S.K.: 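To start, I am sharing the structure in question, which I have written as structure tokens.
We use all heavy atoms of the structure for the numbers below, so side chains are in, but hydrogens, waters and symmetry mates are not. Residue numbers start from 1 in every chain, and the chains themselves are labelled A, B, ... in the order their sequence lines are given, proteins ahead of strands. Keep in mind it's a predicted model, so treat the numbers as computed, not measured.
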There are 2 protein chains.
Amino acid sequence: MATRTYGQYCGLARAAEILGERWGLLIVRDLLVAPKRFTDLQRGLPGIPTSVLAARLKELEGAGVVQRRVLPRPERSIVYELTAYGRELEDVLVRFGRWGAKSLGDPRADEIITADSMVVALRSTFRSEAAQGVRATFELRLGEIVLNARVAGGEVEVRTGPAPAADLSIEAGPQLRALMAGEITPREALRKGVVRLSGDRDLLASFAKIFRIDPMPVAPS
Amino acid sequence: MATRTYGQYCGLARAAEILGERWGLLIVRDLLVAPKRFTDLQRGLPGIPTSVLAARLKELEGAGVVQRRVLPRPERSIVYELTAYGRELEDVLVRFGRWGAKSLGDPRADEIITADSMVVALRSTFRSEAAQGVRATFELRLGEIVLNARVAGGEVEVRTGPAPAADLSIEAGPQLRALMAGEITPREALRKGVVRLSGDRDLLASFAKIFRIDPMPVAPS
DNA sequence: CTGGATCCCTCACGATACTG
DNA sequence: CAGTATCGTGAGGGATCCAG
């Protein structure tokens, strides 16, 4: 049995072989947001060795998840993007991220937030039921990171970058999770300085309902 | 940054830290089917070192995914079972397995099938739309492995073990995937000896519609 | 016999340096 | 910018050993 394989004829085992290697899931996460160059990926994945990134990209390309594309002149640079097969992971990864978010406490000092991770996090926590009848554009700012979410028709589109015409712009601190988990109310978040707003301040309550982190289920069996 | 962590405050990164280690996903897969003892897990995961199994179980227990339980007398043995949080992975893993199954070709000589992997595979490939109005019990035999699937009300329950009163019992060879992927018709499967039936032979066509592996999407962007 | 712990060896990962 | 080369370290593979 070759290393890194499981020797089982099983769809889940195959999926684990393709994406179970270190950094693999996070590479796909970042490519779900947008195609990227090698260096962009490196920047979004602090700590990844270049050799590992190169190896993963080759493996993912071999598995039909990622494809390498040379941009037309004058750029001639190389971008990595998901194939159709790779894009089918969006739903799975969004659900997986929603599950994992329940295990998030408050951020530790050494934990960072990246723009791409935050985009996927907002897609993960989005609740279509809570968004029914809501039509609004949010801008979210966390330090250097800026992203926008357009909610309409019970769907959401989340992208990196500012939204100049946002209905509500939220400048948030690291405690944003507590608001999304319902551990503090929008009013408390404002009072404690967890968020600072500009725009239609009433929309903060909608935001907290639409982008929601569930609690971990109670302990036993 | 500790080994095995990613240093990112992100639900998907946390999920990858919990389940991304080698064998982790397959341990949860087997526990989704039923609680198991250490040795049962070992048998269902050929090639796993006892040290790795013990380490993973401790980590999964620490993450609140698995719990260790001592059976009452007279057995007094120990079983590992999923917590409520762990059971929430069923939906994600089933979808992940459905995605990975598209990458399965025909089984290689060194690839085995286990009963638990087959149970999850049937849950993965189940199509509720195709099962509307169908009420039937299937028994599936692959060598030593026997499992049963009860289809009713657009839902399915798959378990290990025989179904004596099955409407259709299918004894299948390693080519079963070709039937489920629509690469051969039920008629061809019968003629080529891919399956042998007992019971209501007409139900084989239903089986092939209800438990279905999609093709990989076409190559480019 | 189950439920592990301990050993050694290998290989993949992490860090850094370097090249087309 | 887009990687390859090198090297030390730690986790996994495999076998063995031990406690209840």
S.K.: May I ask you to decide if the ring planes of B:Phe126 and B:Phe211 are parallel, tilted or perpendicular, using 30° and 60° as cut-offs?
M.R.: tilted

S.K.: Search all heavy atoms of A:Gly44 against all heavy atoms of A:Arg29 and return the closest pair with its distance.
M.R.: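 Shortest heavy-atom separation between A:Gly44 and A:Arg29 comes out as O-NH2, 4.1 Å.
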
S.K.: Can you check the B:Lys36 NZ to C:dG4 P distance for me, whole Å?
M.R.: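 After rounding, the gap between these two atoms is 16 Å.
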
S.K.: Rounding to an integer number of Å, can you tell me how far B:Gln42 CD sits from C:dC1 P?
M.R.: 14 Å

S.K.: Search all heavy atoms of A:Met216 against all heavy atoms of A:Lys102 and return the closest pair with its distance.
M.R.: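 In terms of heavy atoms, the two residues are closest at CG-O, 3.3 Å.
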
S.K.: Calculate the interatomic distance between A:Ile27 atom CD1 and D:dA2 atom C1'; express it in whole Å.
M.R.: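 Going from CD1 in A:Ile27 over to C1' in D:dA2 covers 15 Å.
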
S.K.: Taking atom CD as the centre, does A:Glu183 end up with more than 12 heavy-atom neighbours from other residues, nucleotides or ligands that are less than 6.0 angstrom away?
M.R.: yes

S.K.: Expected output is a numbered-order residue list: members of residues 53-61 of chain A with a heavy atom under 4.0 Å from any atom of DNA chain D. What is it?
M.R.: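 Within residues 53-61 of chain A, the residues near DNA chain D are A:Ala54, A:Lys58.
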
S.K.: Looking at the side chain of B:Ser51, which of C:dG14, D:dG14, C:dG3 is the nearest nucleotide?
M.R.: D:dG14

S.K.: Nucleotides 16-20 of chain D: which of its N/O atoms have a protein N/O under 3.5 Å away?
M.R.:
none

S.K.: Could you tell me how far apart B:Glu21 (CD) and D:dG10 (C1') are, to the nearest whole angstrom?
M.R.: 12 Å

S.K.: Does A:Tyr6 have B:Arg22 sitting over its ring (NZ/CZ under 6.0 Å from centre, angle to axis within 45°)?
M.R.: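 Flagged: B:Arg22 positioned over aromatic ring of A:Tyr6.
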
S.K.: In whole angstrom, give the distance that lies between atom CZ of A:Phe38 and atom C1' of D:dG3.
M.R.: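 To the nearest whole Å, that distance equals 5 Å.
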
S.K.: Is A:Arg4 salt-bridged to A:Glu21, cutoff N-O under 4.0 Å?
M.R.: yes

S.K.: Measure from the side-chain heavy atoms of A:Arg37 and tell me the nearest of D:dC1, C:dC13, D:dG3.
M.R.: D:dC1

S.K.: Before accepting this row, confirm whether a basic side-chain N of the pair A:Glu61/A:Lys58 lies closer than 4.0 Å to the acidic partner's carboxylate O.
M.R.: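 Not counted as a salt bridge, because no side-chain N and carboxylate O are separated by less than 4.0 Å.
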
S.K.: Counting side-chain heavy atoms from CB outward, which of C:dG4, D:dA5, D:dA2 is closest to B:Arg68?
M.R.: C:dG4

S.K.: Examine D:dG3: is either OP1 or OP2 under 4.0 Å from a nitrogen or oxygen in the side chain of A:Tyr80? Give yes or no.
M.R.: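 Yes, A:Tyr80 has a side-chain N/O under 4.0 Å of OP1/OP2 on D:dG3.
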
S.K.: Check the distance between D:dG13's P and A:Arg4's CZ and give it to me in whole angstrom.
M.R.: 12 Å

S.K.: Would you call B:Arg95 and A:Asp91 a salt bridge, taking side-chain N to carboxylate O under 4.0 Å as the test?
M.R.: yes

S.K.: When the distance from CG of B:Leu45 to P of D:dG14 is rounded to whole Å, what number comes out?
M.R.: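 Atom-to-atom, B:Leu45 to D:dG14, this comes out as 13 Å.
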
S.K.: Let me know the distance between CD of A:Glu17 and P of C:dA12, rounded to the nearest Å.
M.R.: 14 Å

S.K.: What does the inter-axis angle of the helix from C:dC1-D:dG20 to C:dG20-D:dC1 come out as, five pairs per end, nearest 10 degrees?
M.R.: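 Angle reported: 30°, given to the nearest ten degrees.
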
S.K.: How would you list, by chain and number, every residue that makes a side chain to side chain donor-acceptor pair (under 3.5 Å) with A:Glu90, sequence neighbours excluded?
M.R.: A:Arg123

S.K.: Just to verify, what does A:Arg196 make a salt bridge (Lys or Arg N to Asp or Glu O under 4.0 Å) with, not counting sequence neighbours?
M.R.: A:Glu171

S.K.: Look at B:Arg98 together with B:Asp214 and state whether they make a salt bridge at an N to O cut-off of under 4.0 Å.
M.R.: no

S.K.: OP1 or OP2 of C:dG3 less than 4.0 angstrom from a side-chain nitrogen or oxygen of B:Thr39, does that happen here?
M.R.: yes

S.K.: A:Asp40: what forms a salt bridge (Lys or Arg N to Asp or Glu O under 4.0 Å) with it, not counting sequence neighbours?
M.R.: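 Per chain and number, A:Asp40 pairs via salt bridge (Lys or Arg N to Asp or Glu O under 4.0 Å) with A:Arg37, A:Arg43.
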
